[in-house]
Amino acid sequence: MWQFFHKLGSPKWFFGISTRFAPWFLTGGMLLLVTGAVWGLAFAPTDYLQGDSYRIIFIHVPTAMLAQSVYIMMASAGVVTLVWRMKLADVFVKAVAPVGLVITFLALFTGAVWGKPTWGTWWIWDARLTSMLILLFLYGGVIALDRAINDEKSAARAVAVLTLVGVVNIPIIKYSVEWWNTLHQPATFKLTEKPSMPAEMWVPLLLSVLGLYLIFGWLACVRMQTEILCREQRSRWVKEFVTTGRV
Amino acid sequence: MAFDSFSAFMAMEGHGPYVWSCYAMFFVLMMVMMVWSVRSRKAAIESCRRGYEFQAGKLHGDSIESSSEKSKVAYSAPSAAFERVDVSQD
Amino acid sequence: MHPIRKKRLTIVLFLLAGLSIAVALTTYALRQNINLFYDPSQISAGEAPVDVRIRAGGMVEQGSVVRDTESLKVEFRVTDFSHSVPVEYVGILPDLFAEGQGIVAMGRLNNQGRFVADQVLAKHDENYMPPEVADALEKASKSNGSATAGGAKPATY
């Protein structure tokens, strides 16, 4: 098991395998996401209470779920950076932090636009919305901290500590709707229960969630490759890849 | 289809502006991010290549000059700069 | 695992544990401020301050909505199915406002225990369904004589 783990830390190995898988992530992700969005927009039935404004759910829930998952992945990579000093973990954090920022912004934006017609307000300082805003700032903080420190190794460690400190926010986001009174409704998808909506609503939602996760996988591959190319410029295999196109 | 006509689909019972602005923002930002990521990967490969070519010009200044006409023009600037240093070292 | 890595991992885990405890205690101490609104039971028990801008939340009681014929004034009772509080509001209500629907109102509690709201927000739950299903559920619950109206369960308001 450790052998595989250390292999995972090899930038060359990752570069090769990600080149092979990335196109599948992209095609699968686009297919699922577009299917989910079109199904949700045009074919899913309207909601008895909210009418058609609820169709925002088909992008709000995927972005909100991914925003939290990306942070959890970043924090796990932070542990790997701190304990094993694995370069690839740090490459991952740097590559996906901007993606996390954009996705969190999208979750907040779609939530605000959905809130206006249903709740009657764009924004309210309830626990769920506030903790989600903190997540946005955490992503911004990770990016800023990384840019502020010139030395690669100390930047990696500082960023890893920040992601770990910020990860306490994730359970707060998740359980805010259960622990406190909030305007935001409880989760639509729970791991333990069946979804609180009929299949013609949750199937397109599930498709767009899976699609967005796959697209994130593709984005992570492409962006990590960029970071690896910049860092490993001097290694022989990068030179070989750049000149011959093969890994 | 949950809608009777295309105009009903666009209007979404009056919620159209909300729904469509969300989807527009989502797809525009996602596309921008995807295109930007692919471009910066290409730029990284390009900058690596330029680095190698620069190095090659520096290390084998003589051999490049004796090689094809095209590469001579392309790398004349770095090799020329190197030659000056080379002369001073002599 | 290498002993140095083991040591680093322990440090990281301790850091996380300590941080979680600190945050847990802080949020526990601040829970009253983190709660967005007071529910009717808290207001009836006198936990909510009088004449201070607060939020009150709950379900709009069935059959309690009285609309003024000449102005935008509305009076209704907000309930959590054990206590209820009278609310008055002048203004435009959100589309989702209806009897049996969850709301959060911003305003002041006056001396008579009435809540004078200046903003009313609608709260919905995580149950989404097509209108036909909602109708069918409502019919079923009516024929059963059950108190839950609108199809949705009353637990989340």
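Below, read A as the first sequence line, B as the second, and so on, with proteins coming before strands; counting in each chain starts at 1. These figures come from a predicted structure and were not determined experimentally.
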Checking heavy-atom separations under 4.5 Å from chain C, one finds in residues 54-66 of chain A A:Tyr54, A:Ile57
In short, C:Val12 meets A:Val79 closest at the heavy-atom pair CG1-CG2, 4.1 Å
Cut-off 4.5 Å, heavy atoms of chain C, and the answer for A:Ala187 is backbone
Closest non-hydrogen contact found for C:Asp125 with A:Gln185 is C-CB, 3.7 Å
Mark yes when over 12 heavy atoms from residues, nucleotides or ligands other than C:Ile92 sit less than 6.0 Å from its CD1; otherwise mark no.
-> no
Max heavy-atom pairs within cutoff under 4.5 Å with chain C, candidates A:Leu82, A:Thr118, A:Val168, A:Asn169, goes to A:Thr118
Table please: side-chain donor-acceptor pairs of residues 144-155 of chain A below 3.5 Å, with sequence neighbours left out.
residue: A:Asp146; atom: OD1; partner: A:Lys94; partner atom: NZ; Å: 3.1
residue: A:Asp151; atom: OD2; partner: A:Ser154; partner atom: N; Å: 3.1
residue: A:Asp151; atom: OD2; partner: A:Ser154; partner atom: OG; Å: 2.6

Closest heavy-atom pair, C:Arg5 versus A:Trp84, reported as atoms and distance to 0.1 Å, is CD-CD1, 3.3 Å
Is it the case that more than 12 heavy atoms not belonging to C:Ile4 sit under 6.0 Å from its CD1 atom? no
* Asked: Would you say the side chain of A:Tyr48 lies within less than 4.5 Å of the side chain of C:Glu132, judging by non-hydrogen atoms?
  -> no
Comparing A:Asp126, A:Ile172, A:Ile124 against chain C, the one with the most heavy-atom pairs below 4.5 Å turns out to be A:Ile124
Taking every heavy atom of A:Asn181 against every heavy atom of C:Gln42, the minimum-distance pair comes out as ND2-OE1, 4.4 Å
Residues C:Lys123 and A:His184: closest non-hydrogen pair is NZ-O, 3.4 Å
With sequence neighbours left out, the residues meeting side-chain hydrogen bond (donor to acceptor under 3.5 Å, both in side chains) with C:Glu75 are C:Arg114
* Under a 4.5 Å cut-off applied to non-hydrogen side-chain atoms, are C:Thr27 and A:Trp180 in contact? -> yes
Sorted by chain and number, sequence neighbours left out, side-chain hydrogen bond (donor to acceptor under 3.5 Å, both in side chains) with C:Ser41 holds for C:Asp80, C:Ser82, C:His83
A:Leu164 and C:Leu16 have their tightest heavy-atom pair at O-CD2, 3.5 Å
* A:Asp47 side-chain N/O to C:Tyr128 backbone N/O, donor-acceptor pair under 3.5 Å -> no
Whatever's closer than 4.5 Å to a heavy atom in chain C on A:Val165 counts as both
Ranking C:Leu19, C:Ile34, C:Val104 by heavy-atom pairs under 4.5 Å to chain A gives rank one to C:Ile34
Applying a strict 4.5 Å limit to non-hydrogen atoms, the region of A:Trp125 in contact with chain C is backbone
Okay, C:Pro94 and chain A: the region with an atom under 4.5 Å from a heavy atom over there is side chain
